[in-house]
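Below you'll find the structure, written out as structure tokens, and then a few comments.
The figures that follow rest on heavy atoms only: side chains count, while hydrogens, waters and symmetry mates do not.
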Protein chains: 2
Amino acid sequence: MNLTVDPDDPTPPYEQLRRQLVRLVETGALAPGDRLPPLRQLAGDLGLAVGTVARSYREVEAAGLLVSRRGGGTRVAADVRPTPAPRRLRALADGFRTEARRLGFSDAEIRDALTAALEAG
Amino acid sequence: MNLTVDPDDPTPPYEQLRRQLVRLVETGALAPGDRLPPLRQLAGDLGLAVGTVARSYREVEAAGLLVSRRGGGTRVAADVRPTPAPRRLRALADGFRTEARRLGFSDAEIRDALTAALEAG
DNA sequence: GCGTTTGTGTCACGCCCTTGACACAACACT
DNA sequence: AGTGTTGTGTCAAGGGCGTGACACAAACGC
């Protein structure tokens, strides 16, 4: 599931987890209905207290992305529609363009850089 | 100077500031020798305590990017070489490629998305 | 030289976060 | 029905962080 917490990051663990969960749902890596790890299991894996993981789940649930039920675990809400892949790609491209232009590069240079990146790996 | 702190972000203010400072120096937005705002002024502008801003300055100085002197203010270290623009562009392109491929897109689709982004604005 | 500016250091106070443990309630499974 | 699982809630304790105020030291500007 690829959830991690960086102890050296001053950002509170519950917030690191929350952002990753939101991202997993919005990107569709977790589909509606998918079950998340139980609180205790995830807490054990990440070296966190149960209450800390519970807070992350609770906040993402409050955002409407998850649904928790006692005994039933926590699952991705059925009505969440992951952002369509084309939209996400476009958002990535927009971000790349904006940052690259901020550095003062021309469109041609930006294209060349992408070509180099694609050919490299 | 475009330094901001988001009160709603659980990330500690000193850390938000620190990251922005590092970024400004590494991108060359702040050149070696450039003077940063005095502690008290920046603290006042951002609505922070002097000690909080001081901590950010201190940590970036510990990283070798700044030099502080009493009465002389805080300046960008003379020996810091901003990461060359071409390298930064290439890093941006690599990041874009990696994320886009993770979404399952082909090289052609990635190129098309960039083209669309460039034409859009 | 003198006053001002500026960074540094300290202190107590309060808030937020994490932890660990525990009890409880609702669901799943047999 | 009974057992185990799972999420929820509480509590006290400790640590990290921000704040505000203050004193101090070093450099600047006149």
Is the backbone of Y14(B) close enough, under 3.5 Å, to the side chain of R55(B) for a donor and an acceptor to pair up by distance?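 Pair absent, no side-chain N/O of R55(B) close to backbone of Y14(B).
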Rounded off to whole Å, could you give me the [atom1]-to-[atom2] distance for the [X] and [N] pair?
X	N	atom1	atom2	answer
L21(A)	dG7(D)	CG	P	13 Å
L46(B)	dT19(D)	CG	P	10 Å
Q16(B)	dC17(D)	CD	P	14 Å
E15(B)	dG16(D)	CD	C1'	13 Å
R35(B)	dT6(C)	CZ	P	6 Å
L39(B)	dG18(D)	CG	P	14 Å
R55(B)	dC17(D)	CZ	C1'	7 Å

E61(B) side-chain proximity, nearest of dT8(C), dC17(D), dG7(C):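 Comparing dT8(C), dC17(D), dG7(C) against the side chain of E61(B), the answer is dT8(C).
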Just compare dT18(C), dG7(C), dT8(D) and give me whichever is closest to any side-chain atom of P12(A).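 Looking only at side-chain atoms, P12(A) lies closest to dT18(C).
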For residues 111-121 of chain A, run the donor-acceptor check on the side chains, cut-off 3.5 Å, and write out each pair with its distance to 0.1 Å, sequence neighbours left out.
{"residue": "R111(A)", "atom": "NH1", "partner": "T115(B)", "partner atom": "OG1", "Å": "2.9"}
{"residue": "T115(A)", "atom": "OG1", "partner": "R111(A)", "partner atom": "O", "Å": "3.1"}
{"residue": "T115(A)", "atom": "OG1", "partner": "R111(B)", "partner atom": "NH1", "Å": "2.9"}

Does any residue of residues 62-74 of chain B have a heavy atom under 4.0 Å from DNA chain C, and if so, which ones, in number order?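 Close to the strand are S68(B), R69(B), R70(B), G71(B), G73(B), T74(B).
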What nucleic acid atoms does R75(B) come within less than 4.0 Å of, heavy atoms only: base, sugar-phosphate, or nothing?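 No contact.
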Classify P13(B) by what it touches in the nucleic acid, base, sugar-phosphate, or nothing, heavy-atom distance under 4.0 Å.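 The residue P13(B) makes sugar-phosphate contact but no base contact.
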Quick check on [N]: is either OP1 or OP2 less than 4.0 Å from any side-chain nitrogen or oxygen of [X]?
X	N	value
T52(B)	dT19(D)	yes
R58(B)	dT8(C)	no
Y14(B)	dC17(D)	yes

Record whether the side chain of R40(B) comes under 3.5 Å of the base of dG7(C) through a donor-acceptor pair of N or O atoms.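 Yes, the side chain and the base share a sub-3.5 Å donor-acceptor pair.
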